[in-house]
Student: 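Below is the structure I would like to discuss, written out as structure tokens.
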Amino acid sequence: MLKDITFGQYFESKSFVHKLDPRTKLLLLLIIIILIFISKNWLSLLLVALLIFSSMIFSKIPIKMYLKNLKAVLPILIFTMIINLFYAGSTTATPKWSQNLFWNLTITDISLSRAVFMASRILLLIIVSAELTYTTTPNDLTDAIENLLSPLRFIGLKNAVHTLAMMMTIALRFIPTLIEETQKIMNAQKARGADLENGKLIERIKALIPILIPLLISSVRRAYELAEAMECRCYNGGEGRIRMKQLKYNFDDFFTFLIVFIVGATIIAINIIL
Amino acid sequence: MSILEVKNLTHTYDGNTPFMHDAVKNVSFSISKGEVIGIIGHTGSGKSTLVQHLNGLLKATEGEILLDGVNIWENKKNIRAIRSRVGLVFQYPEYQLFEDTVYRDIAFGPKNMGLSDDEIANRIYEVCDLVGIKRDYLDKSPFDLSGGEKRRVAIAGVMAMQPEIIIFDEPVAGLDPQGRANVIKMINDYSKRYNATVLIISHNMEDMALIADKLLVMNKGELAIFDTTENVFRQHERLIRMGLNVPIVTQVMLSLKQKGIDVPDNIFTVDQAVDYLLSLKQGGNRNA
Amino acid sequence: MNNIIEVKNVTFEYDDADRKDIILKDFCLDIKRGSFTVILGHNGSGKSTLAKLLNGLYKPTEGNVFVDGISTVDEKNEIEIKRRVGLVFQNPDNQLVASIVEDDVAFGPENLGHSPDVIRNEVDDALKAVDMYDFRKSTPHRLSGGQKQRIAIAGIIAMKPDCIVLDEPTAMLDPKGRAEIISTIKKLNSEKGITVVLITHFMEEAVDADRVIVMDDGKIVADSTPKDIFSNISLLKQVGLDVPQTTELLYRLKQGGMNITTDVISIEESAQKIYDAIHLEEI
């Protein structure tokens with residue numbers, strides 16, 4: 001489970017979506033999320049869904065990857081549906097059909113439709129976010145964030161942006177190392193008879209001390225050594241630093257932006273007309 | 001009678017857990033009380049995975065481990081008691097130190113066994129005398145000690161549990177010659193004092209020749225050879241094929257043999273080699 | 001200039017809250033350009049401190065360290081000195097910054113502000129020099145210790161240094177990893193002409209050096225050729241160094257009255273020496 005977090009959920013492939021610039025994917029994700037939320041009717045939501053489904057086909061990610069992801073959020077999905085099912089809302093329309101279950105909980109055709117609508121939104125949201133992590137490595141995402149935030153340097157935040165990106169890079173590098181180390185320390189303390197599985201909550205928290213202290217000490221030592229090593233490699237903050245891999249938009253990126261903008265404009269038009 | 005018996009131990013790595021360990025395939029062997037066993041094999045041969053089964057840190061996919069004839073997993077709740085009988089000292093054990101004094105750190109294991117404070121104190125003084133940790137060190141912070149001293153404190157922490165079987169994973173890695181000699185002496189003293197069974201994983205064939213009665217050779221997750229140190233080191237060609245080697249002094253002897261000097265094939269330590277070569281010289285003089 | 005590094009009368013004190021440790025006192029050392037120098041010493045002999053003084057990571061309390069004639073105390077040459085004298089540490093894990101091999105190797109050149117095309121070439125060359133080009137897309141976490149250490153070396157080589165200082169680069173590696181690193185270092189010295197300063201406590205790693213320096217308690221106790229140093233086994237033992245078994249064997253045979261010298265380390269040469277000695281007796 002931990003390893004999934006570590007390596008993101010990147011799925012190696014050379015598809016159209018994989019080859020898009022990570023900034024394109026990150027920006028389009030934001031736009032699509034906005035589109036999902038401004039879609040007030042089934043027609044616009046259907047358009048967004050079509051957009052997302054076609055991108056899924058272009059990403060060449062096996063459908064079962066998405067299903068695996070959905071399984072994890074199924075409880076949230078069901079919870080949202082139930083809440084919406086019984087929540088009449090401030091609608092003025094009169095339901096054509098209604099069914100009283102028990103007490104005063106009533107399902108109407110309107111609430112049913114709303115429940116399905118809300119669930120569909122969440123579903124699309126999850127799918128499109130997952131697609132980004134499936135098709136983009138955490139490193140590319142970090143680069144994209146650094147690049148997209150770089151205009152902040154004009155308000156004097158250049159170092160902050162670089163530092164944030166560097167921290168993310170180092171975190172990605174060291175998470176697997178620290179997970180492995182945690183496991184080693186846990187095993188070493190278990191070999192000395194530590195009981196990590198049983199006992200009351202307080203006892204279990206106390207049992208973590210022999211693991212957390214060595215882990216902390218070793219992390220500090222690693223941080224110190226890494227800082228020295230970085231200094232030896234001429235690191236001097238973000239100033240004057242030029243990346244080997246430069247991000248470059250190409251025709252595919254413009255094309256993709258165009259498609260999304262057309263769909264977006266249509267949705268806004270539908271919202272105005274209907 | 002054997003104190004530890006491993007029967008058809010298989011561990012397959014299922015790829016679902018985030019922690020990698022190497023596979024072990026159908027390994028069987030048994031060890032008698034008081035024996036010192038060296039475990040050799042190149043990185044990834046399954047040595048570390050194997051030993052983590054012996055105290056129940058890992059659970060075998062197939063096969064069983066018998067301690068004094070009883071399956072260690074017979075009573076699941078008892079597995080912590082098993083761990084105090086089969087001690088395991090990991091590589092770089094100083095990284096597990098966490099208490100504010102040496103005393104309290106060594107006490108961690110015995111405390112987990114549920115021993116009384118008096119008994120814990122007795123054991124700590126006993127182990128310190130045995131391995132040469134001075135009494136005035138007990139109140140120091142383990143983090144103020146030198147690398148070699150930390151290592152000894154960490155090992156003492158496992159020894160204070162007085163396990164019948166004690167396993168070491170690369171106990172001298174990263175130490176200088178003095179530190180190495182200290183740790184090896186600690187291990188020897190412990191095994192003599194308690195007639196304990198010792199298993200040592202090491203890459204250092206020269207150390208193995210000095211301390212191991214028997215060698216267990218792992219290769220690609222399988223048990224390749226399990227025999228007396230002498231018999232294992234006689235098979236140098238087979239060891240080389242597995243990416244291992246015989247002690248350097250034995251390699252010198254093999255080279256001498258190729259040059260036409262008649263040397264026996266059971267020289268594995270410098271002492272043996274010196275004795276033999278000097279006797280050869282004297283013998284030569286007599287003939288002349 | 002013939003010397004790439006000149007350590008002149010350096011004293012280094014370690015200022016801790018409660019105590020003051022003098023690690024080096026009035027220490028002098030010159031390193032010849034293109035040479036392969038091995039510094040032997042046990043833990044705490046001051047050799048790691050020396051390593052960090054050589055590229056200006058530590059500044060001398062007194063005295064001067066010159067790299068190509070430039071003092072390391074000079075703040076404005078800080079980066080250029082670190083580029084010229086690369087430093088590789090013991091633990092490969094704690095030197096790698098990025099989670100993709102080639103991105104990590106690019107870290108140094110990126111900091112130097114080279115253009116992307118130039119960096120790409122430097123990275124590819126460095127990876128080829130340490131025989132890790134095929135692993136450029138891999139992640140360090142999946143590599144062996146020896147492979148990780150070679151990536152760390154590549155990260156330094158990519159900055160095109162004149163000199164590379166390695167502080168116990170093999171201490172945490174298995175025999176296979178150790179052999180990989182030593183052969184990589186030798187290759188960099190002989191093929192690329194990079195000056196190498198290898199700090200270690202494994203005597204056998206000094207066999208092919210041009211010069212061996214033995215340190216003890218912050219001082220140089222011996223400075224000569226490997227052959228010369230290895231003949232003086234009692235000194236090496238006295239300062240707590242690892243003596244290879246071959247040397248130990250020759251030394252003990254000599255003590256036992258055999259007419260033999262102890263200045264070789266390799267198995268083949270040692271066997272030859274013993275063979276000759278035995279035959280000499282027979283004649």
Side-chain angles (χ1 to χ4, degrees), chain A residues 2-3 5-8 10 12 14 136-143 146 162 165-181 183-184 217-248, chain C residues 48 51-52 54-58 78-124 137 139-142 148 152 155-156 158-159 161 164-165 167:
Chain A
L2 284 164
K3 200 143 212 162
I5 301 167
T6 319
F7 291 103
Y10 183 66
E12 185 85 50
K14 293 211 183 311
T136 321
T137 62
N139 289 291
D140 282 346
L141 271 182
T142 307
D143 289 351
E146 181 177 14
H162 168 75
M166 199 69 229
M167 276 163 59
M168 283 168 67
T169 305
I170 291 172
L172 287 172
R173 158 71 188 84
F174 277 91
I175 286 169
T177 310
L178 290 179
I179 290 174
E180 204 177 281
E181 181 140 356
Q183 183 67 25
K184 267 187 204 155
I217 290 170
S218 125
S219 303
V220 170
R221 195 194 45 191
R222 282 182 192 283
Y224 184 77
E225 287 184 23
L226 182 70
E228 282 198 333
M230 284 168 73
E231 208 183 321
C232 289
R233 292 170 74 182
C234 301
Y235 182 65
N236 194 21
E239 209 63 48
R241 195 172 139 76
I242 292 172
R243 303 299 307 271
M244 172 174 74
K245 291 174 180 166
Q246 295 285 328
L247 296 173
K248 236 171 77 191
Chain C
S48 286
K52 290 172 182 174
L54 295 182
N55 78 337
L57 190 62
Y58 287 178
E78 191 104 41
I79 299 281
E80 183 55 22
I81 282 172
K82 294 205 171 69
R83 185 196 70 77
R84 288 192 198 182
V85 180
L87 188 48
V88 175
F89 296 90
Q90 189 182 88
N91 189 341
D93 257 329
N94 299 350
Q95 301 173 66
L96 305 180
V97 183
S99 38
I100 296 174
V101 166
E102 59 178 8
D103 290 0
D104 183 80
V105 176
F107 183 72
E110 285 179 341
N111 290 330
L112 293 169
H114 294 175
S115 76
D117 293 347
V118 173
I119 298 176
R120 171 51 75 185
N121 283 333
E122 286 166 339
V123 168
D124 289 353
K137 302 279 183 201
T139 171
H141 183 240
R142 299 234 181 264
K148 277 190 269 197
I156 295 297
M159 299 191 291
I164 170 166
V165 180
D167 185 9

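Every heavy atom of this structure was used, including side-chain atoms; hydrogens, water molecules and symmetry mates were not. In what follows, chains carry the letters A, B, and so on, assigned in the order in which the sequence lines appear, proteins first and then strands, with residues in each chain numbered from 1.
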Student: Can you tell me how far apart CD (A:Q246) and CG (C:D117) are? Round to the nearest 0.5 Å.
Tutor: 9.5 Å

Student: Do any of residues 80-88 of chain C have a heavy atom less than 4.5 Å from a heavy atom of chain A, and if so, which, in residue order?
Tutor: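 Heavy-atom contacts from residues 80-88 of chain C to chain A are C:K82, C:R83, C:L87.
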
Student: Under 4.5 Å, counting heavy-atom pairs only, tell me which of C:P140, C:G155, C:A158, C:P116 racks up the most with chain A.
Tutor: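 Of C:P140, C:G155, C:A158, C:P116, C:P116 has the most heavy-atom pairs under 4.5 Å with chain A.
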
Student: Heavy-atom pairs under 4.5 Å with chain C - which of A:M230, A:R221, A:M244, A:K245 has more of them than the others?
Tutor: A:M244

Student: Using non-hydrogen atoms and a 4.5 Å limit, figure out which bit of C:D93 sits close to chain A: side chain, backbone, both or neither.
Tutor: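 Interface part for C:D93: both.
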
Student: Only counting residues at least two apart or in another chain, list the ones meeting salt bridge (charged side-chain N to carboxylate O under 4.0 Å, His left out) with A:R243.
Tutor: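 Checked A:R243 against salt bridge (charged side-chain N to carboxylate O under 4.0 Å, His left out); matches are A:D143, A:E146, C:E110.
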
Student: Which one wins on heavy-atom pair count under 4.5 Å against chain A: C:V97, C:I79, C:L112?
Tutor: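 Heavy-atom pairs under 4.5 Å are most numerous for C:V97.
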
Student: Quick check: closest heavy atoms across C:F89 and A:A229, and the distance to 0.1 Å?
Tutor: CE1-CA, 3.7 Å

Student: Measuring from C:K148:NZ to A:T177:OG1, what's the distance to the nearest 0.5 Å?
Tutor: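 If we round to the nearest 0.5 Å, C:K148:NZ and A:T177:OG1 are 6.5 Å apart.
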
Student: If contact means a heavy atom pair closer than 4.5 Å, which residues of residues 100-107 of chain C contact chain A?
Tutor: C:I100, C:E102, C:D103, C:D104, C:V105, C:A106, C:F107

Student: If you compare all heavy atoms of A:I242 against all heavy atoms of C:G113, which two are closest, and at what distance to 0.1 Å?
Tutor: CD1-O, 3.4 Å

Student: Would you mind telling me which of A:E225, A:E228, A:R241 has the largest number of heavy-atom pairs within less than 4.5 Å of chain C?
Tutor: A:R241

Student: Please name all residues satisfying ring-ring contact (aromatic ring centres under 6.0 Å, His included) with A:H162, sequence neighbours left out, ordered by chain then number.
Tutor: A:Y235

Student: Below 4.5 Å, heavy atoms only, C-beta onward: do C:I156 and A:R233 meet side chain to side chain?
Tutor: yes

Student: Name the option with the most non-hydrogen atom pairs under 4.5 Å to chain A; the candidates are C:N55, C:L57, C:V123.
Tutor: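 Counting heavy-atom pairs under 4.5 Å, the top option is C:L57.
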
Student: Do A:F174 and C:L96 have side chains that approach each other closer than 4.5 Å (heavy atoms only, starting at C-beta)?
Tutor: no

Student: Could you check which of A:G238, A:C234, A:A223 has the highest count of heavy-atom pairs closer than 4.5 Å to chain C?
Tutor: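 Among the listed options, the one with the most contacts to chain C is A:C234.
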
